[in-house]
Every structure is written in structure tokens, then in C-alpha cells.
Amino acid sequence: MWFWFAIAALLCWSGSDLFSKIGCASKDDKYSHLKMVTAVGVVMGLHAAYEIFIGGVDITVNAMLRYLPVSLLYIGSMLLGYLGLRYIELSVSSPICNSSGALVAVLCIITGSRLAVPQYIAVALVCAGVIGLGFVEAKEDESLRIARQKNSNYKYTKSALAIILPVLYCLLDALGTFADSLVLETLDEDVANVAYELTFLVCGIAAFIFVKFIKKQRYLPRREGPKYVGALFETAGQFAYIYAIGDEEHVAMAAPIISAYCLASVVWGRIFLREKLSWRHYLMIALAVVGIVILGVYDV
């Protein structure tokens, strides 16, 4: 079942990528990333309530504290990811963020796991793709950038944040996934998922208070709608993910498969956001994607 849960997470999180991008791309709303955290917190809080009061999940303060380090790693990575969506195309951001699956494999190697030669090659390909994207973004001529984005829904400027933010997301997400696999050896998947969702709800409430009452920002339904659609996809993906990653024997496979949702994200960005990339971008993305796919299909 771990495989089908991984596929479900892949599909749901690619949908979350698309709608989160739409909801966070506006540059005149500098708190859109915090509003996205609120949206995800609300939806996850509702799902947690369902699991507790109807599903019968027995959640305790102790369980929430045990899972808190994992929750904070994931939530921190997502916050950086939402912020980064204002600075970079989804087609570029998603493969960088989702190279975390390769980093999980690296962490498994460091802690004693042994991989086959093709898997070592796959990890190298993903790392090369990530580093290559950074160079392509940094060295791209501004006139070429303007021409490339001519038909896009959104315009982006060259900035170190464009690469730094998704890379930081990748690092935190990889640490979260690795820690998750360890914690889930002694914690029930349903309890862990509810603990995560309740933690996200608390963060969402804190973000709302900060944006609404401290910064006195407005919430416009037209702009908030895509965020909540993205939050629905995110919550569904998280539900599937926790079961996929909970099978500790297949963590080194499940993590890269789920990370491969960047494949679908690139397609959605190309179709719905009309993002046009240069051949250099596609080459670097292809390297990362090939590495992710190899990790996903090669059983250790």
C-alpha cells in the first residue's frame, strides 16, 4: 500500500503546488505566504477535528510534543516555499524543492544504508540539476528573461532569493522526512498526522493574528480562494504521505517517488501559468527529474 499512498501524495501535492503558486505570486501582497499558512492551518485543523471526533484518533499533548520537531521542520520548509513562489517560476522552484528526496537518500547512506550504483548516480544527477539551476538563474541575461516571460501570467526579477528559498525548503524538508521516518517507528501514523495538523492550525492562527491585527492587512476573497484550494490538496497529500513514509522499510523509495510530484508541477506550470523556460532550464530540470525517477523506481 505504501506505493499507492506515495502516488496519491504525488498527485495531490502537484495540485497544491499549482494553486499555492497562484495564491502567492502577487508581489503587491508581501504577506501572501503567511496567508497561505493560515489557509493550510484552517483546512488541516478541520481535518484534525474530523479525525478526533469522528475517526476516534486519540491525540495527547505528549504525542504532539514528540512530533513537534518534525512538524516544525515541515512547516518551516513550507513557509519558505510559499515565500519563494513570488520570486521564481513554479517550473523551476518545484524541482529544486522536491530534490529533498535525494537528500533523504544521502541521510540514509550516512546513517548506514547501502545503495546500489544506479542510486548513487541518481543522487548525483539530482544534485547536479539543483546546482545547475542556480547557475542558470544567476547567469541568465535580463533581456532573455524578459523575452522568456513575455507570455507568462507573472513576472519575476533576478534575485538570490529565487534560488536560496527553494534550496532551504529542500534542506528542511529532507531533514523533516528523515526525522519523520524515525519518529513513526514508535508513533502511530494517524496520531502523528493529527499532531502535525493541530500544530499547523496553531501556526495558521498565529499568522492570521500577525497579518490581520498587527500588520492590518486585508483578506480579499478573490485572492484567498486559490490558497484554500491549494490547502485542500496539501491536506489530502499530507494524509497520504504519512502512510507512505510510515513504512520504514521503504522510506528510501517512498520519499523520492513523492518528490517526483515536481514532474506534474512542471506540466501544470507550463499549461496553466504559461511559464516558458529556456533550454538550459529544461536541461537542468531534466537532470533532477531523471535522478528522482531512478530513485523512485529502483528498489533497494
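Atom CG of residue L80 and atom OH of residue Y169 lie 10.0 Å apart, to the nearest 0.5 angstrom. For the atom pair NZ (K216) and NZ (K212), the distance works out to 9.5 Å, reported to the nearest 0.5 Å. Interatomic distance, CD of E189 versus CZ of F239, reported as 10.5 Å (0.5 Å rounding). From S77, atom OG reaches atom CG of D173 across 4.5 Å, with rounding to the nearest 0.5 Å. The NE2 atom of H33 sits 13.5 Å away from the OG atom of S20 when rounded to the nearest 0.5 Å. Distance CE/M36 to OG/S32: 10.0 Å, rounded to 0.5 Å.
Side-chain contact between L34 and T38 is absent, with no heavy atoms from C-beta onward closer than 4.5 Å. Proximity of D17 to W268: side-chain heavy atoms (C-beta onward) are nowhere separated by under 4.5 Å. Taking 4.5 Å as the limit, some side-chain heavy atom of L198 sits within range of a side-chain heavy atom of I52. Residues M44 and L201 fail the side-chain proximity criterion, which asks for heavy atoms closer than 4.5 Å. Annotation: side chain of V40 is not in contact with side chain of Y228 (no heavy-atom distance under 4.5 Å).
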Next item on the list: Check the pair K227 / F19 against side-chain contact (heavy atoms from CB on, under 4.5 Å), numbers first and verdict last.
Entry: CA-CA 6 Å; K227 295 184 178 68; F19 286 99; over 6 Å; no

Item checked: Residue pair K30, Q217: steps toward the side-chain contact (heavy atoms from CB on, under 4.5 Å) verdict -> CA-CA 10 Å; K30 62 181 180 179; Q217 298 295 304; 5.6 Å; no

Next item on the list: Go through the steps for F200 and M78 under the test side-chain contact (heavy atoms from CB on, under 4.5 Å), then give the verdict.
Entry: CA-CA 11 Å; F200 218 125; M78 291 175 66; 3.7 Å; yes

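The two residues A9 and A240 have their closest heavy-atom pair at N-CB, 3.8 Å. Looking at every heavy atom in both residues, P226 comes nearest to R222 through CD-O, 3.6 Å. In this structure, I75 and C203 approach most closely via the heavy-atom pair CD1-SG, 4.0 Å.
Grouping the Ile, Leu, Val, Met, Phe, Trp and Tyr side chains by contacts below 4.5 angstrom, directly or via other members, places I294 with I285. One hydrophobic cluster, built from ILVMFWY side chains closer than 4.5 Å, holds both V194 and L187. Hydrophobic clustering of Ile, Leu, Val, Met, Phe, Trp and Tyr side chains at less than 4.5 Å, counting indirect connections, unites Y196 with L79. In the hydrophobic clustering of this structure, L232 does not group with F5; members are Ile, Leu, Val, Met, Phe, Trp, Tyr whose side-chain heavy atoms approach within less than 4.5 Å, directly or through other members. At a threshold of 4.5 Å between side-chain heavy atoms, the hydrophobic network of Ile, Leu, Val, Met, Phe, Trp and Tyr places V42 and V202 in two separate groups.
If you run side chain to side chain contact (heavy atoms under 4.5 Å, CB included) between Y31 and each of L83, V211, V37, only V211 comes through.
Geometrically, K35 engages Y219 in a cation-pi contact defined by less than 6.0 Å to the ring centre and at most 45° from the axis.
Using a distance-only test at 3.5 Å, with no hydrogens or angles considered, no donor-acceptor pair links the side chain of E197 to the main chain of A195. Looking at S16, its side chain does come within 3.5 Å of a backbone N or O of G230 through a donor-acceptor pair.
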What pairs of donor and acceptor atoms, side-chain ones from residues 53-74 against any protein atom, are under 3.5 angstrom apart with sequence neighbours left out?
residue: T60; atom: OG1; partner: A63; partner atom: N; Å: 3.1
residue: R66; atom: NH2; partner: T186; partner atom: O; Å: 3.2
residue: R66; atom: NH2; partner: T186; partner atom: OG1; Å: 2.9
residue: Y67; atom: OH; partner: D180; partner atom: OD1; Å: 2.7
residue: Y67; atom: OH; partner: D180; partner atom: OD2; Å: 3.0
residue: S71; atom: OG; partner: Y67; partner atom: O; Å: 3.2
residue: Y74; atom: OH; partner: G176; partner atom: O; Å: 3.2
residue: Y74; atom: OH; partner: T177; partner atom: N; Å: 3.3
residue: Y74; atom: OH; partner: D180; partner atom: OD2; Å: 2.9
residue: Y74; atom: OH; partner: Y241; partner atom: OH; Å: 2.2

